[in-house]
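Scroll down for the structure; my scribbles are underneath it.
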2 protein chains.
Amino acid sequence: MHAVAKPDSFDNVTAGDVAAATGVSRWTVNRAFKKDASISPKTRAKIISAAQSLGYVPDLSAAALASTRSNLVALLVDDFTNPHKLVMMERLTRALRSRGWDTLLVNTLDRDDTAPALLNASQRRVDATILIGVQFDDEVLAAAQSARRFKKLIIFARSSSNSDTISIAVDDEAATREIAHYVIDRRYKRPLYLAGPRTISAHLLRKETFAAVWQHRFGVLPESVSVGRYDSILSAEIAYDTLRDRVGADLPDVVVCENDALALGVIDTIRHRLRLRIPEDIAVVGFDDVPAASSPNYRLTTYRQPLTDMSNYLVDVLERPEATNLDRKFIGRLVIRESA
Amino acid sequence: MHAVAKPDSFDNVTAGDVAAATGVSRWTVNRAFKKDASISPKTRAKIISAAQSLGYVPDLSAAALASTRSNLVALLVDDFTNPHKLVMMERLTRALRSRGWDTLLVNTLDRDDTAPALLNASQRRVDATILIGVQFDDEVLAAAQSARRFKKLIIFARSSSNSDTISIAVDDEAATREIAHYVIDRRYKRPLYLAGPRTISAHLLRKETFAAVWQHRFGVLPESVSVGRYDSILSAEIAYDTLRDRVGADLPDVVVCENDALALGVIDTIRHRLRLRIPEDIAVVGFDDVPAASSPNYRLTTYRQPLTDMSNYLVDVLERPEATNLDRKFIGRLVIRESA
DNA sequence: TTGTATGCGTTATCAA
DNA sequence: TTGATAACGCATACAA
């Protein structure tokens with residue numbers, strides 16, 4: 001046998017190598033790395049230590065191919081302008097990874113890319129696809145479902161009435177009712193509801209719940225305006241267009257926003273372009289409690305979702321193979337600051 | 001032949017199925033999905049159409065196992081508080097996906113998790129590991145390199161002197177020099193340099209370049225303070241502690257920040273806690289041009305990195321297998337707004 | 001241009 | 001408890 005140089009570039013060390021070094025079969029080596037395999041503690045210890053010195057780690061790619069599970073999920077994101085996305089991604093990946101799941105991040109480049117993105121995910125044998133975007137409307141979901149390429153389709157942080165879908169979200173109705181009652185208690189009388197894109201049927205729930213509570217109390221529907229994207233810059237523009245000619249006349253006394261991304265833009269406009277005070281002239285309420293909401297610039301009264309609980313619940317669901325169709329709602333809490 | 005019910009759950013359709021339906025061998029089916037394979041256009045068209053109706057797509061997991069490439073990269077992120085991370089992730093995943101690469105998002109949960117995170121990535125057979133965090137100091141990089149489990153280790157948006165490492169970053173020295181000269185041209189005389197965590201040796205470059213330019217011009221070193229994390233809230237606290245007792249006395253006339261996350265916090269403190277004007281009392285300069293920097297609340301003068309170019313270059317490097325050790329620097333541009 | 005043998009590193013299942 | 005056989009779905013290299 002001739003001398004073998006240590007390979008210059010990374011050479012795969014497999015279970016077989018460890019087996020040869022330990023004097024057991026390669027199947028026993030694999031067993032040593034499985035949680036509840038029938039293997040004697042002694043051989044396992046011997047194998048683990050040999051593996052360590054050889055630099056062996058199980059190849060999850062091969063494991064996924066051979067089994068029905070990959071321990072991999074795809075996370076589809078289509079909206080990177082909303083700062084809340086960063087928070088959600090952190091919580092989700094933290095919960096997933098700390099419990100042994102890997103995450104494939106898929107940027108759905110534009111509206112028409114949703115279907116290709118879903119296909120892309122399925123090509124990597126993911127155990128579940130998680131949607132945390134906004135472009136995923138009912139039509140897209142239905143298409144995804146009919147393709148039947150997913151063990152699980154999970155809508156995160158957005159409710160969905162779609163069947164065969166797992167949705168994990170905050171209870172929008174309860175949350176919005178709490179917001180509405182807070183607004184009423186503070187004796188605001190002329191609300192403006194600032195809603196997101198009209199196409200998102202699920203999100204209409206917040207707007208409609210607010211309208212329903214208001215009408216039930218005062219007999220009239222609140223004023224409402226829609227913003228085409230969850231984007232502070234655009235929201236600031238729309239707020240300016242809506243309010244610029246009404247200063248001193250019939251200005252709203254509170255702007256209730258579908259989320260913080262919209263609320264931050266509204267605050268910028270009220271303070272810097274209309275030169276009015278918050279909350280004295282106009283109060284503002286948001287939803288999500290993004291990091292900037294607590295900044296002294298905003299001090300935004302908003303609604304915080306229990307993202308950590310929701311993320312952990314998501315992993316629970318992942319670990320129950322039979323769970324493919326459920327609709328779990330969480331209760332968050334209103335965070336009261338100075339903006340309303 | 002008995003009637004076959006459409007399987008209730010997703011059943012894998014493989015190249016073999018398509019081959020059977022088309023009357024060719026399954027290797028020919030695979031060829032139809034390879035870009036420059038020698039196959040007649042006619043058979044390819046026939047195969048593609050059959051594949052479509054059967055719902056076949058190549059399994060990338062199996063492809064990765066069989067070949068030396070996976071077309072998968074790991075993106076290690078350790079710092080989700082900096083809003084710039086969201087922008088970087090968007091640009092990177094966009095460039096990667098639009099050119100056929102998938103991204104594994106790995107949240108390095110805490111400092112000690114870096115090595116396990118790297119291992120985790122290698123278990124999925126990634127072609128490269130991209131680091132965009134801040135906790136990845138030289139020690140960690142060295143450990144990662146010695147493990148030799150990576151075809152490529154790419155430090156993105158941060159320069160690194162490490163050998164056997166690919167770094168793709170903005171030219172910190174040139175950028176900081178431009179900032180320093182701008183500050184000098186505007187006749188600021190008493191700068192305070194607000195730096196990030198002291199442990200990040202690479203980032204010291206900005207601070208030291210600024211100090212060098214200043215000393216060369218005025219013969220003295222500028223004042224400097226360090227913030228333990230790239231976090232606006234913490235930065236606001238440190239700025240307050242540093243400046244609170246100096247109002248009216250020896251206040252700096254400009255605060256130059258290592259990045260925008262720090263700058264936003266500084267602005268909050270100057271305006272809302274010290275109740276001073278920006279830029280009249282104290283000017284502020286940042287780095288990164290995060291979305292909030294253009295908000296009317298901040299109007300931050302800052303330095304924008306050419307992230308799109310950098311991301312595309314990264315994919316170029318990915319596609320050149322021989323490239324494993326290079327240090328590419330990009331020139332960005334100073335975005336002048338009202339804060340300085 | 002097309003078909004074939006072999007290997008990638010696991011898991012599942014059965015046998016010892 | 002351990003060993004052995006057969007997939008998993010594809011790529012590589014070569015032969016036809």
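Note that these values count all heavy atoms, side chains included, but never hydrogens, waters or copies made by symmetry. Computed from a prediction, not measured in an experiment: that's the story for all the values here. Note on naming: letters A, B, ... go to the chains in the order of the sequence lines (proteins, then strands), and numbering restarts at 1 for each one.
- Using a 4.5 Å cut-off on side-chain heavy atoms (C-beta onward), B:Arg69 and B:Leu318 make no contact.
- Every pair passing ring pair (Phe, Tyr, Trp, His ring centres under 6.0 Å) that includes a residue from residues 12-34 of chain B is listed here, sequence neighbours excluded: B:Phe33-B:Tyr56.
- B:Arg97 places no side-chain N or O within 3.5 Å of a backbone atom of A:Thr108 that could act as its donor or acceptor partner.
- For the helix from C:dT1-D:dA16 to C:dA16-D:dT1, the end axes, each set by the C1' atoms of five terminal pairs, are bent relative to each other by 30° (nearest 10°).
- For B:Arg91, the salt bridge (Lys or Arg N to Asp or Glu O under 4.0 Å) test picks out no residue, with sequence neighbours left out.
- Applying the ring pair (Phe, Tyr, Trp, His ring centres under 6.0 Å) test to A:Phe330 and every residue at least two apart in sequence or in another chain returns A:Tyr313.
- Using a 4.0 Å cut-off, some side-chain N or O of B:Thr28 falls inside it from OP1 or OP2 of C:dG3.
- Here the closest heavy-atom approach between residue B:Asp59 and residue A:Gln123 is recorded as OD1-O, 3.6 Å.
- For A:Thr43 and D:dT1, the shortest distance from a side-chain N or O to OP1 or OP2 is not below 4.0 Å.
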With side chain to side chain donor-acceptor pair (under 3.5 Å) as the test, would you mind laying out the steps for B:Thr28 and B:Ser25 before giving the verdict?
CA-CA 5 Å; B:Thr28 308; B:Ser25 73; 3.0 Å; yes
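- Not one side-chain nitrogen or oxygen of B:Ser61 sits closer than 4.0 Å to the OP1 or OP2 atom of D:dC8.
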Nucleotide by nucleotide, nucleotides 9-16 of chain C touches protein heavy atoms under 4.0 Å in the pattern (B base, S sugar-phosphate only, - none) BBBB----
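- Distance CZ (A:Arg124) to C1' (D:dC8): 16 Å, rounded to an integer number of Å.
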Taking distance alone, no hydrogens or angles, what donor-acceptor pairs closer than 3.5 Å link side-chain atoms of residues 321-328 of chain A to residues at least two apart or in another chain?
unit_1: A:Asp327; atom_1: OD1; unit_2: A:Ser167; atom_2: OG; d: 2.6
unit_1: A:Asp327; atom_1: OD1; unit_2: A:Lys329; atom_2: NZ; d: 3.2

